[in-house]
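Everything below concerns the one structure shown next.
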Amino acid sequence: MNLASVGPLMAIWLDIRARRRDQPAVDLLGRRIGWWSLAALGLGILVGVIQGLLVWWGDGGPAYFDALFAVWQSKVIYGFWEIGFSFVCLAGYLFWWSSSERNALWQRFVSRFLAFLAATNLLYHFPTLFSIVGMIARGEVDVDSPVDSGEFRTLLVQGEVIWFTLHFWFASFAVSGLLAGIACLQRLPEEQREDTAGAAFTIALVPTVLQIPVGFLLTTSLNSGQQSRLMGGDSLCTALFVVSLGLAFWLMHLLAGLAFFERTSNKAYQTLAALGGTILLMTATMLLSRGGL
């Protein structure tokens with residue numbers, strides 16, 4: 001969902017860059033990133049269904065689905081429409097981009113605005129909905145079921161929701177920027193490769209660095225039980241937390257090298273592996289802090 005959420009914004013950036021600099025290869029790459037984002041959205045839906053089935057069969061199934069049904073009428077049922085809206089907007093942008101020169105300014109503006117809507121729609125709804133559902137399932141907030149729209153909006157100002165949402169946004173930019181940079185190294189001609197790839201890697205680097213204060217604030221917003229497990233109450237959880245932090249700083253070092261110094265495919269793939277490892281370890285740490293894996 002990281003690529004599905006910010007990939008359309010990367011496609012817009014490449015679209016604008018290609019037209020201003022008259023670079024057909026960048027134009028083709030932007031469309032490719034857009035189609036990858038559309039495929040990522042479909043894959044994200046499939047993985048979400050599989051995760052839902054695993055939760056249903058697991059010990060936490062009843063609590064989680066009770067929380068899901070508590071917001072069903074106010075949010076979840078509209079969530080299906082929101083996913084369809086993002087899918088249609090992004091597909092419309094890509095088909096319009098591929099089949100038309102879009103010579104008029106209004107055509108370029110409207111088509112890109114469709115992709116902007118697709119991205120921001122997911123960035124707003126996806127992390128907020130699932131962080132609130134998780135909090136309800138774990139009993140961290142007191143709500144009356146069913147939760148109406150007004151009560152749901154009051155939950156949006158919970159610290160954990162705010163910082164988790166920002167964490168997801170920054171991670172989405174990091175993933176999308178890194179993948180776009182790798183695609184630049186692979187598919188652009190030499191005279192266009194360095195500048196475009198460097199800009200893409202910088203887009204990945206900046207939000208990764210910003211994860212430091214956001215991660216700290218997210219940690220302070222957790223309940224006392226989760227904080228205790230992170231800070232020594234659970235040796236495995238603490239160990240994974242420390243290792244994941246070290247890997248995150250190594251990731252920043254690698255991204256800085258790609259953004260400002262050496263841009264090679266080998267180093268880019270090493271960075272991608274570090275990013276994947278960081279996500280995997282951070283996810284395991286989060287689950288252990290909540291009392292399970």
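FYI, side chains are in, hydrogens and waters are out, and symmetry mates aren't considered; it's all heavy atoms of this structure. Source: prediction; values computed, not measured.
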If Ile, Leu, Val, Met, Phe, Trp and Tyr residues are connected whenever their side-chain heavy atoms lie under 4.5 Å apart, and connections chain through other members, are Leu156 and Leu218 in the same group?
yes
CZ/Arg263 to CG/Leu258 distance, rounded to the nearest 0.5 angstrom?
8.0 Å
For Trp106 together with Phe113, are the ring centres under 6.0 Å from each other?
no
Can you tell me how far the CZ atom of Arg187 sits from the CD atom of Gln192, to the nearest 0.5 Å?
14.5 Å
Between Thr196 and Arg193, is there a donor-acceptor pair closer than 3.5 Å when you use the side chain of the first and the backbone of the second?
no
First locate atom OG1 of Thr128, then atom CG of Leu123, and finally report the distance between them rounded to the nearest 0.5 Å.
10.0 Å
Take the angle between the ring planes of Phe164 and His167 and call it parallel below 30°, perpendicular above 60°, tilted in between.
tilted
Can you find a heavy atom in the side chain of Asp15 that is under 4.5 Å from one in the side chain of Val26?
no
Close side-chain approach of Leu29 and Leu188, heavy atoms under 4.5 Å
yes
Side chain of Ser228, backbone of Gly225: donor and acceptor closer than 3.5 Å?
no
Mind running side-chain contact (heavy atoms from CB on, under 4.5 Å) on Met135 and Leu155 for me, showing each step along the way?
CA-CA 10 Å; Met135 290 171 62; Leu155 296 174; 5.9 Å; no
Heavy atoms, side chains only, cut-off 4.5 Å: are Thr165 and Tyr124 in contact?
no
To the nearest 0.5 Å, how far apart are OG in Ser98 and CZ in Arg31?
4.5 Å
side-chain contact (heavy atoms from CB on, under 4.5 Å) assessment of Ile182 paired with Thr271
CA-CA 10 Å; Ile182 292 174; Thr271 306; over 6 Å; no
Under 3.5 Å, side-chain donor or acceptor atoms of residues 243-254 against the rest of the protein: list the pairs with distances, not counting sequence neighbours.
{"residue": "Ser244", "atom": "OG", "partner": "Leu240", "partner atom": "O", "Å": "3.0"}
{"residue": "Ser244", "atom": "OG", "partner": "Phe241", "partner atom": "O", "Å": "2.8"}

Say whether Arg229 and Thr238, considering side chains only, have a donor N or O and an acceptor N or O under 3.5 Å apart.
no
Glu191, CD atom: more than 12 neighbouring heavy atoms under 6.0 Å:
yes
Measure the shortest side-chain to side-chain distance between Phe201 and Leu185 over non-hydrogen atoms and say whether it is less than 4.5 angstrom.
yes
Heavy-atom check, side chain of Ile12 versus side chain of Phe116, under 4.5 Å:
yes
Would a hydrophobic clustering, with Ile, Leu, Val, Met, Phe, Trp and Tyr connected at side-chain separations under 4.5 Å, put Met231 with Leu236?
no
Please check this pair: side chain of Ser100 against backbone of Trp96, looking for a donor-acceptor N/O pair closer than 3.5 Å.
no
Atom CD1 of Ile162 and atom CG of Leu166: how far apart are they, to the nearest 0.5 Å?
8.0 Å
Might you point out which heavy atoms bring Pro127 and Trp169 nearest each other, and give the distance in Å?
CG-NE1, 4.1 Å
Can you get from Ile16 to Ile33 by hopping between Ile, Leu, Val, Met, Phe, Trp and Tyr side chains that sit under 4.5 Å apart?
yes
Would you please test Phe170 and Val206 for side-chain contact (heavy atoms from CB on, under 4.5 Å) and show each step?
CA-CA 9 Å; Phe170 290 155; Val206 172; over 6 Å; no
Would the distance check show the side chain of Gln211 and the main-chain N or O of Thr208 forming a donor-acceptor pair, the cut-off being under 3.5 Å?
no
Would you say the side chain of Leu222 lies within less than 4.5 Å of the side chain of Leu230, judging by non-hydrogen atoms?
yes
Quick one, Leu179 and Leu272 - any side-chain contact, counting heavy atoms below 4.5 Å?
yes
Correct closest heavy-atom pair for Ser86 and Ala118 would be OG-O, 3.1 Å
Could you see if Trp81 belongs to whatever hydrophobic cluster contains Leu90? Use Ile, Leu, Val, Met, Phe, Trp, Tyr and a side-chain cutoff under 4.5 Å.
no
Can you list every pair that meets ring-ring contact (aromatic ring centres under 6.0 Å, His included) and has a residue in residues 129-149, with sequence neighbours left out?
Phe126-Phe130
Answer yes or no: is there a side-chain heavy-atom contact under 4.5 Å between Asn121 and Cys89?
no
Which pair of non-hydrogen atoms, one from Gly177 and one from Ala204, has the smallest distance, and what is that distance?
C-CB, 3.9 Å
Of all heavy-atom pairs linking Leu114 and Gly92, the shortest is CD1-C, 4.3 Å
Smallest separation among heavy atoms of Arg102 and Ser111, with atom names
NH1-OG, 2.9 Å
Between the CE atom in Met1 and the OG atom in Ser37, the distance rounded to the nearest 0.5 Å is 10.5 Å
Using 30° and 60° as the class boundaries, would you call the ring planes of Tyr93 and Trp97 parallel, tilted or perpendicular?
tilted
Report yes or no: does Ser176 contribute a side-chain atom to a donor-acceptor pair with the main-chain N or O of Phe173 at less than 3.5 Å?
no
Might you point out which heavy atoms bring Pro8 and Ala119 nearest each other, and give the distance in Å?
CB-CB, 4.0 Å
Hey, quick one: are Leu287 and Val242 part of the same hydrophobic cluster, counting side-chain heavy atoms closer than 4.5 Å, chains of contacts allowed?
no
Dump the intermediate steps for ring-ring contact (aromatic ring centres under 6.0 Å, His included) on Trp163 and Phe168, then the final yes or no.
CA-CA 9 Å; Trp163 303 123; Phe168 175 82; over 10 Å; no
